[in-house]
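Because the structure is a prediction, the values reported are computed rather than measured. Labels below follow one simple rule: chain letters A, B, ... track the order of the sequence lines, proteins then strands, and each chain is numbered from 1.
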Number of protein chains: 4
Amino acid sequence: MAPPARRGRPRSEDADARILQAAHALLVERGYDRFAIDEVAGRAAVAKTTLYRRWPTKDHLLVALVAKLQDDVEVADTGNIRHDLTVYLTAIATGLDRMRRVGRDAGETDRSAGVVAELVAAAARHPDVGDAVRGMFARRNALPLTLLDHARARGALPAGTSSEVLFDQLAGALYYRLLVTGRPIGADYVEQLVDQVLTGTTATPTHPERT
Amino acid sequence: MAPPARRGRPRSEDADARILQAAHALLVERGYDRFAIDEVAGRAAVAKTTLYRRWPTKDHLLVALVAKLQDDVEVADTGNIRHDLTVYLTAIATGLDRMRRVGRDAGETDRSAGVVAELVAAAARHPDVGDAVRGMFARRNALPLTLLDHARARGALPAGTSSEVLFDQLAGALYYRLLVTGRPIGADYVEQLVDQVLTGTTATPTHPERT
Amino acid sequence: MAPPARRGRPRSEDADARILQAAHALLVERGYDRFAIDEVAGRAAVAKTTLYRRWPTKDHLLVALVAKLQDDVEVADTGNIRHDLTVYLTAIATGLDRMRRVGRDAGETDRSAGVVAELVAAAARHPDVGDAVRGMFARRNALPLTLLDHARARGALPAGTSSEVLFDQLAGALYYRLLVTGRPIGADYVEQLVDQVLTGTTATPTHPERT
Amino acid sequence: MAPPARRGRPRSEDADARILQAAHALLVERGYDRFAIDEVAGRAAVAKTTLYRRWPTKDHLLVALVAKLQDDVEVADTGNIRHDLTVYLTAIATGLDRMRRVGRDAGETDRSAGVVAELVAAAARHPDVGDAVRGMFARRNALPLTLLDHARARGALPAGTSSEVLFDQLAGALYYRLLVTGRPIGADYVEQLVDQVLTGTTATPTHPERT
DNA sequence: GAGTAATCGAGACGGTACGTCAAGTCTTGTT
DNA sequence: AACAAGACTTGACGTACCGTCTCGATTACTC
């Protein structure tokens, strides 16, 4: 079946691009508050109507933007769960760290959470934004979860372990640091975290692993 | 030493109380957006300036409010780390759950994070609010951390374990669920979480523990 | 030539009208202090921004309002300068007297200058308001000035007389009474004033005048 | 009779002086709006209470201040009315010109009326301020009025002339220029004004006068 | 010299309005 | 239809200044 023929002038894809680009620039410059839709439109040389036709809310635009920025983290299943997790979480941590700096002057050293926090708040404000955000995370975490499933299947994790809970422990620790305690999330932290989460669970691997 | 002589009319403690009370009521009724400073002042029968003299921002008021609401969670050190942690985390989870419902109609079932998310965002927006929030959490978490330290000291946790990282795994998982994935945080989840975190670590305790 | 193509939504003339009307009503009711922009907007059923887009200040609004209220005083050149001036000045005096009562309860007998004084003060505060006010008066006084010019041309005034200075004497006396001494400005006063100003000047008219 | 013995601490005359001085400085710097009582008190190193105990209102302070600034214009009765008036009015004009510049940057060329306009408006707002202002002017104008009376008595002015109306013509013209038309008030203007007012009236003097 | 009474400095307070800002909608004419 | 431009509604924000009040500390006069 043919798609229902659209009538009238088609939407400009160029506008989409310009808007997102302008929004990105502004977000980086200023952070989410002091981020005005009017100015995004202005910079994108686009009417506000055009913008609102695409994203009904400032928060919606934010999610769309973050979703686009979200570089797809590669997940390799090398068979060494400890190594694979470390790589994956380090990538996440790096991304978070980049975001937390958004909208702040270089010199500022406050350990704040920036855009991620606003994203979370936006998700809390609008149900549909929440759905979008959760969907984004679900898609993103699908691969690491199967990674854990595979590890358990081959005996690298105890049978009773829940992949989901295990992943909560890992990702949760990262976000907790970022959003709540504000403590730094360096490579050493990630390693220690993975170590400690897998301690005992991998103490008696069915298959030997390269450490 | 004499207390530094106060000059000028002292601040009305009554006003403080009335403001916080009004703010609390309004927050519960409406949630953080649709929570207007003007109205708080109005309900507290206080001039807006009086309010702003104390808290320069809506966000500042929020933190002050949450800090006051924060009922001190009791931590008992029974010697059974698994049990103590479960009790503690359950208390936290219950508190979070209560907060997430703030400002929503009873019927609403969206799994959103409400006030906590806004708190986190507020912390990200203003450095000083961030400091306050982090301080609040630090104070709150001090006791459970020593709990873990004691447990390790008596051999209930492996020597190499970092209390802090361990706590991140636990609290982090809770906040991650609340703020990011939005999945429910029931008693069963808390139990499974504690179990899994202590798995292996407590598999070979130096001292036997009363279950 | 084509009129410069208007872009965007045109300003609502309806809003203009409603604002001025509301402002007028409120000014008459209350006087210039106790005249709140918020309430003008409210009564006009217009957003405050809509009002501020047109007049950036309470003072600007006032001038615009007074300029509109300013009923054009008819000036007839009957050839009898004494008569014509008396008529004109009486009209002015009546207008001033009406304005001075604006915003006062009927019973109040204080001899104050009301709106005119505020208008003058507003002109002193903002350069652009001053320009507007001066322009308003210039337009208004143009006719009587030519009246005087004609009178001098036909010999009803001495050749050396400056119309402008003469007019200052007349109008000035009125405003001086209104704003400074606060003494009443009745029909008899106007007549005496005109008499005295023209005394001697018209003692030896070149052309006879009808009294 | 002895004055009723005052009880309690006497008012500090020093405070009076400091307040007026500070008010003067601030008025000159800023003009009447942007002239904040708080700042006057601050500069005078005086509590606001102390200030308000003396002048119940900003406007009252203004009048008191202007009254003090008002340098007493000398009036000499030389017998030459034209000359005496010119001298007197020139003094007034100079004073007005000084006041109109108050609170403006040197470069500003707008012809506005500054403090005088505010004084007039203040008089219009508060009845008692109005009384004070009118009293001030009455005292000030008493001498020139008797000057005119004397001139009429000795035949230098026609018998039917009203001194008051005549003075209105003179002073009125000055204030009209200052407050309404904003045109300059130079020495030449004053001379022309006096000339024109006395024209005809002094055309047939009983006693000859030195021109 | 111990009251008594008013003043003083400091600064919080209630109140009122101001002018601003940003979000999201609507109305033009144009493409 | 979508678009650019820009006016519109709504709602809140944070500020400014006024004039009042409440402290504790002075500073006189009086008894």
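Taking the ring centre of C:Tyr32 as origin, the terminal cationic atom of C:Lys58 falls inside the region bounded by 6.0 Å and 45° from the ring axis.
No donor-acceptor pair closer than 3.5 Å links the side chain of D:Thr57 to the backbone N or O of D:Asp59.
Of the side-chain N and O atoms in B:Arg9, none sit less than 4.0 angstrom from OP1 or OP2 of E:dC13.
Nucleotide F:dA16 holds its C1' atom 14 Å from the NZ atom of C:Lys58, rounded to whole Å. Between C:Ile37 atom CD1 and E:dT16 atom C1' the separation is 14 Å, expressed in whole Å. We find that CG of C:Asp38 is positioned 15 Å from P of F:dC13, with the value rounded to whole Å.
A:Ala45 comes within contact range of the sugar-phosphate backbone alone, with a heavy-atom separation under 4.0 Å but no base atom that close. Across all strands, D:Arg18 comes closer than 4.0 Å only to sugar-phosphate atoms, never to a base (heavy-atom distances).
Salt bridge annotation for C:Arg11-C:Asp16: absent, with no cationic side-chain nitrogen under 4.0 angstrom from a carboxylate oxygen. One finds no salt bridge joining D:Glu13 and D:Arg18 here, because no Lys/Arg side-chain nitrogen approaches an Asp/Glu carboxylate oxygen to under 4.0 Å.
In the region residues 48-57 of chain A, proximity to DNA chain E at under 4.0 angstrom, judged on heavy atoms, holds for A:Lys48, A:Thr49, A:Tyr52, A:Thr57.
Not counting sequence neighbours, the partners of B:Asp128 by the side chain to side chain donor-acceptor pair (under 3.5 Å) test are B:His60.
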